[in-house]
Every structure is written in C-alpha cells, then in structure tokens.
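What follows is one structure encoded as structure tokens, with my remarks underneath.
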Amino acid sequence: MKIVKIKAKKAFAPTKIPGAKWVVNQYIGCQHACKYCYAKFMCRWYNHGKWGSWVVVKENMADLVKKQVVNGSVYMSSVSDPYQPIEKEFRLTRNVLKNMDKRIKLSILTKSDLVLRDIDLFKKFNDIEVGLTINSFEGAIKKKVEPFSSSNKRRIEAFKELRENGVRNYAFISPIIPHLTDIEHLIEETKSFTNFYWFEFLNLKASGKEFREWLKQNYPESYEILSDKTKAEKYVKEVINAIKKAEIFVKGICVHYPKLMVVK
Ligand code: SF4
C-alpha cells in the first residue's frame with residue numbers, strides 16, 4: 001500500500017452531494033478497494049497506481065478544520081472511507097472530529113465498524129448522523145467486489161451499538177443491483193436499529209470498465225437490465241414501489257438513469 005502524505009490548503013470543499021453543502025476528505029484513495037467504487041476517477045489526478053493501492057493522507061487536516069468556518073451541512077467523505085484500515089494507526093479522522101466545531105451538522109458514511117471507536121466524539125456533536133453502507137455482497141462475491149471492508153454482519157452489529165449509544169444512524173443500501181441485492185432482507189435485518197435509510201441504484205457508467213465486465217461475465221441478466229434503458233427504468237420503478245411499502249423512514253433514493261436524481 002502506497003501512503004502519500006501531503007499538506008492540504010483547505011479542510012472543506014463545496015459539494016453537490018445530495019443533502020450536503022460541504023465535503024471533508026482527510027484521505028483521498030481507499031484501501032477498501034471496492035471494484036465498483038465511483039471515486040476511482042481520482043486516479044486521473046493522482047498518478048499512484050490502481051484504485052485501492054494508494055492513499056493520500058492530508059496530514060494537516062486536523063489543524064485546518066479549526067481554521068475554516070462553514071455554514072450548512074458537511075459530508076464526510078466522498079473520495080475515501082474515513083474509517084479505512086490505516087485510520088487505526090493514523091487516527092486522522094478521529095483528530096479531525098476532535099477539532100471540528102461541534103455545531104457543524106455532520107453526516108458520516110463508512111463501510112467499517114472501526115467507526116464505533118469514535119462514539120465518544122459523536123456524542124459531542126449537536127447534530128450528527130453516522131451511516132454505514134450495507135448490501136448483499138457476501139462470501140466469494142464480497143471477496144471479489146468489496147474485498148477489504150467490514151462484513152455486512154459487522155456493519156449491522158455497528159448499527160446496534162450506535163443505537164444503544166444514542167447516536168443517530170442510517171443505512172445506505174448501495175449499490176442496488178438486480179438479482180444481487182435483496183432489499184427486503186436488508187431492511188428486515190436493520191430496521192430495528194436504524195433511524196433512516198438512503199438507497200442507491202448502481203451507477204453502471206461510474207462503476208468502471210472492470211466492474212462492468214465482471215458483472216457481464218458473472219451476472220449477465222443483471223447487466224442486461226442495467227444496460228437497457230427500458231429494463232432499467234422498469235426495475236427502478238419496481239424497487240422504488242417495494243421500498244415505499246416498507247415501514248421505514250426513507251430520506252432519499254438515488255437513481256442514475258439517465259443522471260443522478262433523488263427520489264423521496
Ligand atoms: S469504501 Fe467507498 S470510497 Fe472506499 S473503495 Fe469502497 S466505495 Fe470507494
């Protein structure tokens with residue numbers, strides 16, 4: 001794993017991420033190395049090799065968050081996972097949270113139960129939500145497409161612990177893929193411990209050539225639905241109807257056909 005330490009100029013950057021005004025990325029690059037990751041486009045600007053093999057560490061971020069004042073909601077993080085494995089050693093996310101103004105409205109998203117380490121800090125924020133992505137990737141499929149993140153079981157356990165500690169939490173069910181994602185089961189497994197849900201259908205284009213090829217080879221029916229506009233729209237409609245029937249609080253459903261839309 002290549003670790004590149006840099007000094008950043010600013011902590012917060014404006015963003016178009018649904019529900020957020022600012023984004024904070026203390027890391028760029030991600031050891032979780034999900035094959036479908038939409039952030040792998042960062043490899044164009046950071047010439048360090050294949051996505052998942054490098055992480056840029058903005059080592060002065062904990063100082064920078066003290067200096068920049070922002071109004072509006074902040075999302076952590078869009079081009080990395082704030083609780084990827086190196087965070088255990090670097091504690092950069094923890095230090096950023098320590099120094100961040102606790103009046104900031106903060107939304108965190110991760111695929112790691114390392115997030116539980118920072119419950120003491122989450123409790124200090126006035127308005128915080130901590131999300132974990134969950135999906136139906138298990139066993140050999142998980143090893144292939146999401147090799148280094150916590151198992152879904154551990155992520156679901158994390159919801160329980162956040163709930164027990166009074167930390168508002170949400171499930172981000174993503175990426176939704178026909179024949180691969182069992183939405184009803186995921187809702188059933190999580191609804192007793194989560195405050196609300198976000199859903200996201202796979203963005204086939206942003207998932208990259210390698211992932212598309214893998215899907216085509218291994219799940220041709222899934223690929224066919226996602227790559228055909230009429231079939232994709234029909235699938236999206238059916239899933240949205242099923243989600244709306246579930247007795248849960250849905251903040252948004254991200255659809256990428258033909259471009260990002262948030263259905264509420
Ligand atoms: S955890 Fe998120 S940022 Fe990291 S590789 Fe996976 S999808 Fe990308």
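The structure displayed is predicted, hence computed values, not measured ones. Indexing begins at 1, ligand by ligand and atom by atom, following the structure's order.
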Handout entry: Closest non-hydrogen atom pair between Ile177 and Ser222, with its separation
Key = CG2-CB, 4.0 Å
Completion exercise
If you scan protein heavy atoms around atom 4 (Fe) of ligand 1, the nearest is Cys30 SG, 2.3 Å
Practice task
Look at atom 8 (Fe) of ligand 1 and say which protein heavy atom is nearest, naming residue and atom and giving the distance to 0.1 Å.
Solution key: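 It is Cys37 SG, 2.3 Å.
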Practice task
Determine, for Glu157 against Arg154, whether the closest basic-nitrogen to carboxylate-oxygen distance falls under 4.0 angstrom.
Solution key: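 No, Glu157 and Arg154 are not salt-bridged.
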Ligand-residue contact atoms, ligand 1 with [X], heavy atoms, under 4.0 Å:
X: Ala33; answer: 5 (S)
X: Trp51; answer: 5 (S)
X: Asp81; answer: 1 (S)

Problem - Shortest reach to atom 5 (S) of ligand 1 by a heavy atom, considering only Pro82, Cys34, Pro147, Pro175 - result: Cys34
Handout entry: Per atom 2 (Fe) of ligand 1, closest listed option by heavy atom (Gln84, Gln31, Lys111, His32)
Key =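 Shortest heavy-atom distance from atom 2 (Fe) of ligand 1: Lys111.
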Exercise for the section: If the plane angle is over 60° it's perpendicular, under 30° parallel, otherwise tilted; pick one for Tyr170 and Phe196. Expected result: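 It falls in the parallel class, under 30°.
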Exercise for the section: Could you tell me how the ring of Phe12 sits relative to the ring of Trp22: parallel (under 30°), tilted (30 to 60°) or perpendicular (over 60°)? Expected result: perpendicular
Exercise for the section: Report yes or no: does Ala39 have a heavy atom closer than 4.0 Å to ligand 1? Expected result: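 Flag not set, Ala39 not near ligand 1.
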